[in-house]
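Some notes on the structure that comes next.
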Amino acid sequence: IHLGLAVPCEFIGISSSNREEWVETDFATVMYRFVCVPIAVTVELEVLAFMINQTEMRVAVISADMVAMFAAVASRCPSLRGVVVMDKKR
């Protein structure tokens with residue numbers, strides 16, 4: 001909501017291995033009536049860019065190991081406004 005998402009039906013990407021934050025993010029998308037777009041951690045760059053552009057995804061919630069992939073396609077994905085990284089700094 002704070003990233004300027006409109007309710008309902010915004011597309012939110014989630015990409016990480018199985019973890020608690022994935023489930024929490026999925027529940028939050030349902031609660032706010034967003035559409036969850038699960039993205040496999042093994043996705044290829046071209047497929048990732050296609051998924052983002054096809055859904056006009058505006059935000060993705062990802063694990064730290066996916067940051068480089070999203071950075072690599074960001075310039076080709078004009079709808080993507082932000083990426084939220086699940087991992088905490090230690």
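Predicted model only: the values in this text are computed from it and were never measured. Side-chain atoms are counted along with the backbone in the values below, which use heavy atoms only and exclude waters and symmetry mates.
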(message) Taking side-chain contact (heavy atoms from CB on, under 4.5 Å) as the criterion, tell me which of Val61, Val30, Val84 meets it with Thr25.
(response) Val61
(request) Would you indicate whether Glu24, at its atom CD, is surrounded by more than 12 heavy atoms from other residues, nucleotides or ligands within a distance under 6.0 Å? (result) yes
(message) Would a single hydrophobic cluster contain both Phe27 and Phe11, if residues Ile, Leu, Val, Met, Phe, Trp and Tyr are joined by side-chain heavy-atom contacts under 4.5 Å?
(response) no
(message) Tell me every residue that passes salt bridge (charged side-chain N to carboxylate O under 4.0 Å, His left out) with Glu44, counting only those two or more places apart in sequence or in another chain.
(response) none
(request) With sequence neighbours left out, write down each residue that passes salt bridge (charged side-chain N to carboxylate O under 4.0 Å, His left out) with Glu21, or none if nothing qualifies. (result) Arg19
(message) Run the side chain to side chain contact (heavy atoms under 4.5 Å, CB included) test on Val41 and Ser15 for me, step by step, so that the C-alpha distance in whole Å, both residues' side-chain angles and the decisive distance to 0.1 Å come before the verdict.
(response) CA-CA 6 Å; Val41 296; Ser15 185; 4.2 Å; yes
(message) Restricting to non-hydrogen atoms, name the atom on Trp22 and the atom on Ser16 that form the minimum distance, rounded to 0.1 Å.
(response) CD1-OG, 3.3 Å
(request) Could you tell me whether the side chain of Asn53 and the main chain of Ala49 form a donor-acceptor pair under 3.5 Å? (result) yes
(request) Would you mind reporting whether Arg58 and Leu80 have side-chain heavy atoms less than 4.5 Å apart? (result) no
Just list the side-chain donor-acceptor pairs under 3.5 Å for residues 62-79, sequence neighbours left out, or say none.
unit_1 : atom_1 : unit_2 : atom_2 : d
Ser63  : OG     : Asp65  : OD1    : 2.3
Arg76  : NH1    : Glu46  : OE1    : 3.4
Arg76  : NH1    : Glu46  : OE2    : 2.9
Ser79  : OG     : Met57  : O      : 2.8

(request) Could you check if a side-chain atom of Leu48 sits within less than 4.5 angstrom of a side-chain atom of Ile39, using non-hydrogen atoms only? (result) yes
(request) Identify whether Val35 and Phe50 are in the same connected component of the hydrophobic contact network (ILVMFWY, side-chain heavy atoms under 4.5 Å). (result) no
(request) Flag the pair Asp26 / Ile14 as yes when at least one side-chain heavy-atom distance between them is below 4.5 Å, and no otherwise. (result) yes
(message) In this structure, would Met86 and Tyr32 fall into the same cluster of hydrophobic residues linked by side-chain contacts under 4.5 Å?
(response) yes
(message) With clusters defined by side-chain heavy atoms of hydrophobic residues (ILVMFWY) lying less than 4.5 Å apart, directly or transitively, does Val43 cluster with Val85?
(response) yes
